Amino acid sequence: MSSTVYLNGDWIAPEHAKVSVFDRGFLFADGIYEVVPVYSGKPFLLELHLARLYRSLREITITVADDAFWHELVRDLIERNNYGDANGLIYIQVTRGAEASRAHLPGNSLTPTVFATISPLAIHWDQPAPARVTLLEDIRWLRCDIKSISLLGNILLKQQAASVGAVEPILHRDGLITEGASSNFFAVHNGELFTAPKNHLILPGISRDWVIELAHEAGIRVHEEPFKVADLPQLDELFLTSSSREVQPIGQIDDIIIADGQCGPVTAILIEAFHASKRRLLNSRR
Ligand code: PDD
């Protein structure tokens, strides 16, 4: 947990950080967020995370500060919480702000609420054990490309997955796989990589894009195209990506055992490439 969090220009102890009950984030989940991993005090793929933050803000028509503000915020979060040599996850949330009373349509002159905190992140250098996932219908809204704080759909799906002992629900809409409830989803078939295209049905994951980049570098062909639930039993390997999981192999999806329940060879290459990119960051100058 952070020893100090950022709230609307102040650095304060978490227990003293308070927002109005009329904040539109509290009343309507009217806001967006961003999550940035930090390895040994260095933010990983920061420019890509900030670009997605700006996009989310633009999509919901909130204007907040400039590039320099966000860079300074990230630097201060790390320094003020003594994460100079530690691994962490930065959480940034921006809501449309507080009003005098509850009304669906926001007023024009609101001051956005900006909150940021950092918490410990366990990073690994090994091959994670293959996970068990479950297939569920994607019940979320149709703007999953916005990193909205409105996560009720995701939460219900996560609860349903946990109730059958799965670590993540894999979601499908109209017979096509979209993503996980807090991760992107990849499949390997005949040595080639498949993942859903970037559109309104998935979050444009930063780790997703990074893994695609790493696959290109490793000479692995990538197809960003929808694939069918019905094709799952034929696929050779499956894995998830996210800022906290990095690359997580899948060993079982409901009753289907994938890659003999092991981490497949293409997934292993990508896990190693991901580790290598972390090592490059750690060896770079601050
Ligand atoms: N979740 N898809 C969804 C729905 C997500 O919530 C996330 C990340 C991802 C992966 O995105 P990225 O690679 O940029 O982390 C995909 C974050 C970590 C969260 O909700 O905390």
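Quick note: numbers below take in every heavy atom, side chains included, and nothing from hydrogens, waters or symmetry partners. Numbers here simply count residues along the sequence, with the first being 1. Just so we're clear, the structure is a prediction, and the values are computed from it rather than from any experiment.
Residues L135 and L232 form a side-chain contact, since some pair of their non-hydrogen atoms from C-beta on lies under 4.5 Å apart. Looking only at side-chain heavy atoms (C-beta outward), L89 and S244 come within less than 4.5 Å of each other. Between F115 and T95 there is no side-chain heavy-atom pair separated by less than 4.5 Å. Counting only heavy atoms from C-beta outward, the side chains of E168 and Q248 never approach each other to under 4.5 Å. With a 4.5 Å cut-off on side-chain heavy atoms, V38 and N87 do not count as touching. Looking only at side-chain heavy atoms (C-beta outward), L238 and F185 come within less than 4.5 Å of each other. Looking at heavy atoms from C-beta onward, T178 lies in side-chain contact with R140 at the 4.5 angstrom threshold. Proximity of I32 to I149: side-chain heavy atoms (C-beta onward) are nowhere separated by under 4.5 Å.
Looking at residues two or more places apart in sequence or on another chain, you find a ring pair (Phe, Tyr, Trp, His ring centres under 6.0 Å) between F28 and H104.
Checked by atom type and distance alone, the side chain of D67 never pairs as donor or acceptor with a backbone atom of W70 at under 3.5 Å. Using a distance-only test at 3.5 Å, with no hydrogens or angles considered, a donor-acceptor pair links the side chain of N81 to the main chain of S3. Looking only at distances, no side-chain donor or acceptor of N184 sits under 3.5 Å from a matching main-chain atom of T241. In this structure, the side chain of Q252 engages the main chain of D254 through a donor-acceptor pair within 3.5 Å. Distance alone, capped at 3.5 Å, places no donor-acceptor pair between the K278 side chain and the F44 backbone. A donor-acceptor contact shorter than 3.5 Å is absent between the side chain of R55 and the backbone of I146.
Between W141 and S148, the shortest heavy-atom distance links the atoms CZ2-CB, 4.0 Å. Here the shortest heavy-atom pairing between G205 and R52 reads CA-NH1, 3.5 Å. Across all their heavy atoms, K147 and V35 have their closest contact at CE-N, 4.2 Å. Taking each heavy atom of P204 and K198 in turn, the nearest pair found is CB-CD, 3.5 Å. For the pair R245 and V167, the tightest heavy-atom approach, listed with the atom from each and the gap, is NH2-O, 3.6 Å. Counting all heavy atoms, side chain and backbone alike, L73 lies closest to Y6 at CD1-CG, 3.4 Å.
Separation of atoms CD (Q93) and CG (L53) is listed at 11.5 Å; rounding is to 0.5 Å. Between atom CD of residue E179 and atom OG of residue S242 there is a gap of 11.0 Å, rounded to the nearest 0.5 Å. Atom OG of S207 and atom CG of L270 lie 12.5 Å apart (nearest 0.5 Å). For the atom pair CD1 of I253 and CG of L235, the computed distance is 9.0 Å after rounding to the nearest 0.5 Å. I118 CD1 to L77 CG: the interatomic distance, rounded to the nearest 0.5 Å, is 6.0 Å. Put simply, CD on E192 and CG on D236 are 10.5 Å apart, with the number rounded to the nearest 0.5 Å.
Exactly one residue among D138, L142, D145 makes a side-chain contact (heavy atoms from CB on, under 4.5 Å) with L201. That residue is L142. R96 pairs with exactly one of D23, T113, T111, D30 by the side chain to side chain donor-acceptor pair (under 3.5 Å) rule, that one being D30. For the pairing with F186, the ring-ring contact (aromatic ring centres under 6.0 Å, His included) check across F194, W210, F227, F239 returns one residue only, F239.
Heavy-atom neighbours of F274 CZ from other residues, nucleotides or ligands within 6.0 Å: above the threshold of 12. No more than 12 heavy-atom neighbours from other residues, nucleotides or ligands sit within 6.0 angstrom of CG on D260. More than 12 heavy atoms of other residues, nucleotides or ligands shown are found within 6.0 angstrom of CG on D76. Environment of CZ in R279: crowded, with over 12 heavy atoms of neighbouring residues, nucleotides or ligands closer than 6.0 Å.
Side-chain atoms of E47 and H71 form a donor-acceptor pair, as typed in the model, at a separation below 3.5 Å. For T267 and E237, the side-chain atoms include at least one donor-acceptor pair closer than 3.5 Å.
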### Task
Verify side chain to side chain contact (heavy atoms under 4.5 Å, CB included) between I212 and E224, making sure each step is shown before the conclusion.
CA-CA 9 Å; I212 290 174; E224 294 181 65; 3.8 Å; yes
### Message
Between R173 and E137, is the salt bridge (Lys or Arg N to Asp or Glu O under 4.0 Å) condition met? List the steps.
### Response
CA-CA 6 Å; R173 215 187 267 275; E137 191 184 340; over 6 Å; no
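Ring centroid separation for the pair Y33 and Y91 comes in under the 6.0 Å cut-off.
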